Amino acid sequence: MAYWLFKTEPDDFSIDDLQALGTTPEPWDGIRNYQARNLLRDVVTAGDEVLIYHSSCKHVGVAGVASVAKSAYPDPDQFDQKNKYYDPKATPENVRWYRVDVVFERKFPRFVPLGEIKAMPGMENMMLLKQGRLSIQPVTPAEWDAVIAASETDI
DNA sequence: GCCAACGTTGGC
DNA sequence: GCCAACGTTGGC
């Protein structure tokens, strides 16, 4: 069982949208970056735990937890000419892009802002801080524990 | 809206 | 294979 951080733009899809689905799995699609794709395709596994991170918005940070319901399978949008994620170089025989399904676990009792994570000791090597643009990233158990602890602590 | 980081594309 | 141009991400 591994830990991950998945980014989403809450104006598009937020932790509240995920919560509203209840136990219905949500396809985590639109990943069009090879580094993220490789992690999704080769490493992310059903049962893994995911921090849901809100990016490109007023309050950036970690909003809650989901789990991986289904491991990687081809993202059908790449074959759909009308879809914004259509990729003319992708074919069913030569799949380029993948997605996984996630399911809501919980919303944090307290949102953990990026600024707070930056200020935590020992988080200097977190990928979120080292390589800000990666949309699917691994999280170490220590990083996971620190974020969860912060979400349960009033400040 | 600005700008830094960085991934992708395409000419050579 | 190099590298400049360009596009996108994402924090502020």
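Naming: A, B, ... by sequence-line order, numbering from 1 per chain. Predicted model only: the values in this text are computed from it and were never measured.
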Inspect the contact between A:Lys107 and A:Asp16 and indicate whether a charged nitrogen and a carboxylate oxygen are less than 4.0 angstrom apart.
->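 A:Lys107 and A:Asp16: salt-bridged.
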Between A:Asp87 and A:Arg32, does at least one N-O distance fall below 4.0 Å, as a salt bridge requires?
->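 Not counted as a salt bridge, because no side-chain N and carboxylate O are separated by less than 4.0 Å.
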Could you note down all residue pairs passing ring pair (Phe, Tyr, Trp, His ring centres under 6.0 Å) where residues 90-144 of chain A supplies at least one of them, sequence neighbours left out?
->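 Every ring pair (Phe, Tyr, Trp, His ring centres under 6.0 Å) pair that includes a residue of residues 90-144 of chain A, provided the two are not neighbours, is A:Tyr3-A:Trp144, A:Tyr34-A:Trp97.
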Going 5' to 3' through nucleotides 1-11 of chain C, assign each nucleotide B (protein heavy atom under 4.0 Å from a base atom), S (under 4.0 Å only from sugar-phosphate atoms) or - (no protein heavy atom that close).
-> ------BBBBS
May I ask you to check whether A:Gln131 and A:Gln35 show a side-chain donor-acceptor distance below 3.5 Å?
->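 Per modelled atom types, A:Gln131 and A:Gln35 side chains form a pair under 3.5 Å.
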Could you give the distance from CD1 (A:Ile136) to CZ (A:Arg41), rounded to the nearest 0.5 Å?
->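 It comes to 13.5 Å.
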